[in-house]
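Taking it in order: structure first as C-alpha cells, then the write-up.
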Amino acid sequence: MAAASVALLAVLLVISAHLPLGLTFSSTVPAFLWSSHLDGKKEMVDYRILSPRDLAKSAMNEGGWSKYLCSRQEAQQSKNFAFLFIGTELQSVDISRPSKTDPALIDLLKDSFSNSSSSLAFPYIVAGEEKVAIESSFISEFADTCQHNFETSSVALVGSCAVEGENFDKLQHFHSVHDYLYSRTEKVSDGHTDLIVLCPGGSDQPRSESSILSQLVNSVNQLGAKYTVLYVSDPHRSAEQLSYRGLERFLAEGSVGNVSAKATLCDGVCQIKSSLLEGIIVGIVLLVILISGLCCMMGIDTPTRFEAPQDS
C-alpha cells in the first residue's frame, strides 16, 4: 500500500514537471470594477473563479451596474456612462509579480481600485464554455438581467469588438471616443445610461491600453459626467498574447551568442515553476515520512492476553 502510494506520487511529480505552466497559472485573467459616483463596496476582492457571464452578473448585482443599465432615471444635468474595457495584456500573475506587461496599466488599475468610492476586484476569470467573444457574452447577460429596460440604442462599440447586431453605434478609431462622448452629453438625457464597449488589440492600435484608458477617464472627467468602469482581460486573447511573449523571449534568448550566461537567468515564469516543484517535492517527502510512521505503528505487535500473576 505504501509503495503504491509513493509510486503514484512520483508519477504525478513527473507529469507536473512536463505540464505547461499556462495550464495552471496563466489560464486566468483579472478584472477590476470601480466608480467614483456609485455608493457600494470599496476595495472588495472576490477570489472565486468566474466565467465571463458570472462576472457580468457580479457586476450587475455587487457592482451596482443594474442601477446604471436597468433602472431608467429622470433626466439629469449630467450624463451617465458605463465603460466596458476588454483588454488583452494582463494575466492574473501579472498583478502580483513584475512582468513585461505595461507597468503603467497595472499602476492605473491599482490606483483606480484604491481611490474610488466603489471598487471591486476579480483576480481569477476563466474562459467560458461558449464559443463567442467575451464582449458578446457581457452584452447578452446585461440584456437578460435588465430584460425590457436595456436599450441597445445606448450601446457603442469601439475598436475590434465582435458583437452581432445593427442597432449599435460603432466607432472604428479610439481617438473619436471623446467626440462621441461630447455628442452624447449634448443631447437631452432620456434617463438611460450609455454603455461604451472598448476592444483594443486591432492592427490600428498604436497606443498601449494604459494610455487609452487614461485618456478615456480624463475625457469623462472633463465633461463632468458620471461614470463607472469595468476592465476585464479577455482570457482567449490574453493566452494568445502570452504565447507570443513566450516566443519572443525564446527568440531573444536564442539570438544572444553567450547561451551559457542566459541559461543561468531565471525569470518570473521560471521562479514560479521552480517554487511549484519545490513544494511538490517537500510534500512527497513529508507524505513518505507519514506513511513510514504509520507502517511502523501498524507493525508493533502487542499481546492480546495477559496471564494472571501467580500467587507465591
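Values below: every heavy atom of this structure, side chains too, minus hydrogens, waters and symmetry copies. These numbers were taken from a predicted model, which means no experiment stands behind them.
Ser160 and Pro200 get closest at one heavy-atom pair: OG-O, 3.8 Å. The shortest heavy-atom contact between Tyr227 and Ser35 is O-OG, 3.0 Å. Heavy-atom minimum distance, Ala162 versus Ala133: O-CB, 3.7 Å. Pairing each heavy atom of Leu230 with each of Ala59, the nearest pair is CD2-CB, 4.1 Å. The two atoms that bring Ala82 and Leu69 nearest to each other are CB-CD2, 4.1 Å, heavy atoms only. Of all heavy-atom pairs spanning Ala56 and Phe138, the tightest one is CB-CD2, 3.6 Å.
With sequence neighbours excluded, the residues satisfying salt bridge (Lys or Arg N to Asp or Glu O under 4.0 Å) with Asp46 are Arg48.
Here the side chains of Leu216 and Ile212 are not in contact, with every heavy-atom distance at 4.5 Å or above. For the pair Ser116 and Lys42, the minimum side-chain heavy-atom distance is 4.5 Å or more. Side-chain contact between Leu120 and Ser58: absent, with no pair of heavy atoms (C-beta onward) separated by less than 4.5 Å. Within the 4.5 Å cutoff, no side-chain heavy atoms of Leu55 are placed close to those of Ile134. Annotation: side chain of Phe85 is not in contact with side chain of Leu109 (no heavy-atom distance under 4.5 Å). Side-chain contact between Leu198 and Ile86 is absent, with no heavy-atom pair separated by less than 4.5 Å. Considering only heavy atoms from C-beta on, Trp65 stays 4.5 Å or farther from Thr145 through its side chain. In this structure, the side chains of Pro235 and Val29 come closer than 4.5 Å at one or more pairs of heavy atoms.
With hydrophobic clusters built from ILVMFWY side chains whose heavy atoms lie under 4.5 angstrom apart, Ile280 shares a cluster with Val288. Criterion: ILVMFWY side-chain heavy atoms under 4.5 Å apart, direct or through other members. Under it, Tyr47 and Ile95 are part of a common hydrophobic cluster. Residues Leu90 and Val45 are members of one and the same hydrophobic cluster, defined by side-chain heavy-atom contacts under 4.5 angstrom among Ile, Leu, Val, Met, Phe, Trp and Tyr. Following chains of ILVMFWY side-chain contacts shorter than 4.5 Å, one cannot reach Leu290 starting from Val282, and the two form parts of different hydrophobic clusters.
The distance from the CD atom of Glu135 to the SG atom of Cys199 is 4.0 Å, given to the nearest 0.5 Å. In this structure, OG on Ser233 lies 10.0 Å from CD1 on Ile125, to the nearest 0.5 angstrom. To the nearest 0.5 angstrom, Thr193 atom OG1 is 9.5 Å from Leu195 atom CG. If you take CD1 on Ile139 and SG on Cys161, they are separated by 7.5 Å, rounding to the nearest 0.5 Å. Rounding to the nearest 0.5 Å gives a distance of 11.0 Å between NZ of Lys110 and CG of Leu105.
Here the side chain of Thr228 pairs a donor or acceptor atom with the backbone of Trp34 at under 3.5 angstrom. When atom types are taken as modelled, the side chain of Ser119 and the backbone of Phe113 share a donor-acceptor pair closer than 3.5 angstrom. Ser66 contributes a side-chain N or O that, together with a main-chain N or O of Met60, makes up a donor-acceptor pair within less than 3.5 Å. Using a distance-only test at 3.5 Å, with no hydrogens or angles considered, no donor-acceptor pair links the side chain of Ser219 to the main chain of His178. With hydrogens and angles disregarded, no donor-acceptor distance shorter than 3.5 Å links the side chain of Glu141 to the backbone of Asp54. With hydrogens and angles disregarded, no donor-acceptor distance shorter than 3.5 Å links the side chain of Ser140 to the backbone of Ser136. Side chain of Ser176 to main chain of His173: a donor-acceptor pair is present (N/O by atom type, distance under 3.5 Å, no hydrogens or angles). For Thr28 (side chain) and Ser92 (main-chain N/O), no donor-acceptor pair under 3.5 Å exists by modelled atom type. Side chain of Asp107 to main chain of Ala104: no donor-acceptor pair is present (N/O by atom type, distance under 3.5 Å, no hydrogens or angles). Judged by distance alone, with hydrogens and angles left aside, the side-chain atoms of Thr185 form a donor-acceptor pair with the main-chain N or O of Tyr182 at under 3.5 Å.
The neighbour count for Ile49 CD1, taken as heavy atoms of other residues, nucleotides or ligands under 6.0 Å away, does not exceed 12.
No close placement of the Phe32 and Tyr231 rings is indicated, their centers lying 6.0 Å or farther apart.
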Under the side chain to side chain contact (heavy atoms under 4.5 Å, CB included) rule, what do Val220 and Phe83 come out as? Steps first, then yes or no, please. CA-CA 10 Å; Val220 182; Phe83 296 99; 3.4 Å; yes
Pair Leu108-Ser214, side chain to side chain contact (heavy atoms under 4.5 Å, CB included): steps then yes or no: CA-CA 8 Å; Leu108 177 60; Ser214 178; 4.2 Å; yes
Could you go through Leu50 and Val232, starting from their C-alpha distance and side-chain angles, then the distance that decides it, and tell me whether this counts as side chain to side chain contact (heavy atoms under 4.5 Å, CB included)? CA-CA 12 Å; Leu50 303 176; Val232 56; over 6 Å; no
With side chain to side chain contact (heavy atoms under 4.5 Å, CB included) as the criterion, how do Arg184 and Ile196 come out once you've worked through the C-alpha distance, each side chain's angles and the decisive distance to 0.1 Å? CA-CA 11 Å; Arg184 298 297 296 179; Ile196 315 296; 6.0 Å; no
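Side-chain N/O atoms of Glu209 and Thr88 include a donor and acceptor closer than 3.5 Å.
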